[in-house]
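A short worksheet on the structure shown next.
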Amino acid sequence: QVQLVESGGGLVQAGDSLRLSCATSGRTFSDYAMGWFRQAPGKGREFVARISRSGSSTNYADSVKGRFTISRDNTKNTVYLQMNSLKPEDTAVYYCAATLRIGLVVKESEYSSWGQGTQVTVSS
């Protein structure tokens with residue numbers, strides 16, 4: 001198993017940017033594809049972005065495409081989510097997750113390890 005700790009959340013205004021980080025420990029980081037999910041108040045957890053083990057492949061939810069960028073640094077065992085042009089509807093708890101599965105993995109159930117989450121609040 002890999003342990004995940006998110007950081008970087010906060011309260012920002014619409015149009016601002018934030019960068020979330022997810023530091024990992026435990027098993028070899030590069031063995032895992034990584035994902036970001038979010039959960040808004042009263043809603044289920046939804047897929048945001050995913051990056052392959054090497055970082056060469058990324059995928060995004062339509063709602064964040066063009067505004068968010070997922071990246072990873074395998075030398076630092078860390079995955080990032082750069083969020084630009086934030087909107088009030090981006091307000092949620094953001095979670096990073098790890099999976100050993102290969103390919104486009106967007107289902108919550110296919111990720112085996114999860115962080116505790118970091119709150120992002122975007123005011124209008």
Residues Arg53, Ile102; criterion side-chain contact (heavy atoms from CB on, under 4.5 Å); working and verdict
CA-CA 8 Å; Arg53 293 175 296 176; Ile102 297 172; 3.7 Å; yes
If every non-hydrogen atom of [X] is compared with every non-hydrogen atom of [Y], which pair is closest and at what distance?
| X | Y | result |
| --- | --- | --- |
| Gln1 | Ser113 | OE1-OG, 2.5 Å |
| Ala14 | Pro88 | CB-CD, 4.1 Å |
| Trp114 | Tyr111 | NE1-O, 3.3 Å |

Heavy-atom side-chain proximity of Cys96 to Gln116 below 4.5 angstrom:
no
Would you say the side chain of Ser17 lies within less than 4.5 Å of the side chain of Gln82, judging by non-hydrogen atoms?
yes
List the steps, then state whether side-chain contact (heavy atoms from CB on, under 4.5 Å) holds for Phe37 with Glu108.
CA-CA 8 Å; Phe37 288 75; Glu108 182 180 351; 4.3 Å; yes
Report the distance from atom [atom1] of [X] to atom [atom2] of [Y], rounding to the nearest 0.5 Å.
| X | Y | atom1 | atom2 | result |
| --- | --- | --- | --- | --- |
| Arg72 | Ser54 | CZ | OG | 7.5 Å |
| Cys22 | Asn77 | SG | CG | 10.5 Å |
| Thr121 | Leu11 | OG1 | CG | 6.0 Å |
| Ser25 | Gln3 | OG | CD | 4.5 Å |
| Thr118 | Arg38 | OG1 | CZ | 14.0 Å |

Consider only side-chain N and O atoms of Ser57 and Arg50, and report whether a donor and an acceptor are under 3.5 Å apart.
yes
So, Thr91 and Glu89: side-chain donor and acceptor under 3.5 Å apart, yes or no?
no
Less than 4.0 Å between a side-chain N and a carboxylate O, is that true for Lys87 and Asp90?
no
List the steps, then state whether side-chain contact (heavy atoms from CB on, under 4.5 Å) holds for Tyr80 with Thr69.
CA-CA 8 Å; Tyr80 305 97; Thr69 302; over 6 Å; no
Which Ile, Leu, Val, Met, Phe, Trp or Tyr residues join Val12 in one cluster when any pair of side-chain heavy atoms under 4.5 Å counts as a link?
Val2, Leu4, Leu18, Leu20, Phe29, Tyr32, Met34, Trp36, Val48, Ile51, Tyr60, Val64, Phe68, Ile70, Val79, Leu81, Met83, Leu86, Tyr94, Leu100, Val120, Val122
Given 3.5 Å as the limit, does a donor-acceptor pair link the side chain of Thr99 with the main chain of Glu110, or not?
yes
Within the distance-only criterion (no hydrogens, no angle test), does the side chain of Thr78 pair as donor or acceptor with the backbone N or O of Lys76 below 3.5 angstrom?
yes
Tell me whether Lys43 at atom NZ has more than 12 heavy atoms from other residues, nucleotides or ligands lying less than 6.0 Å away.
no
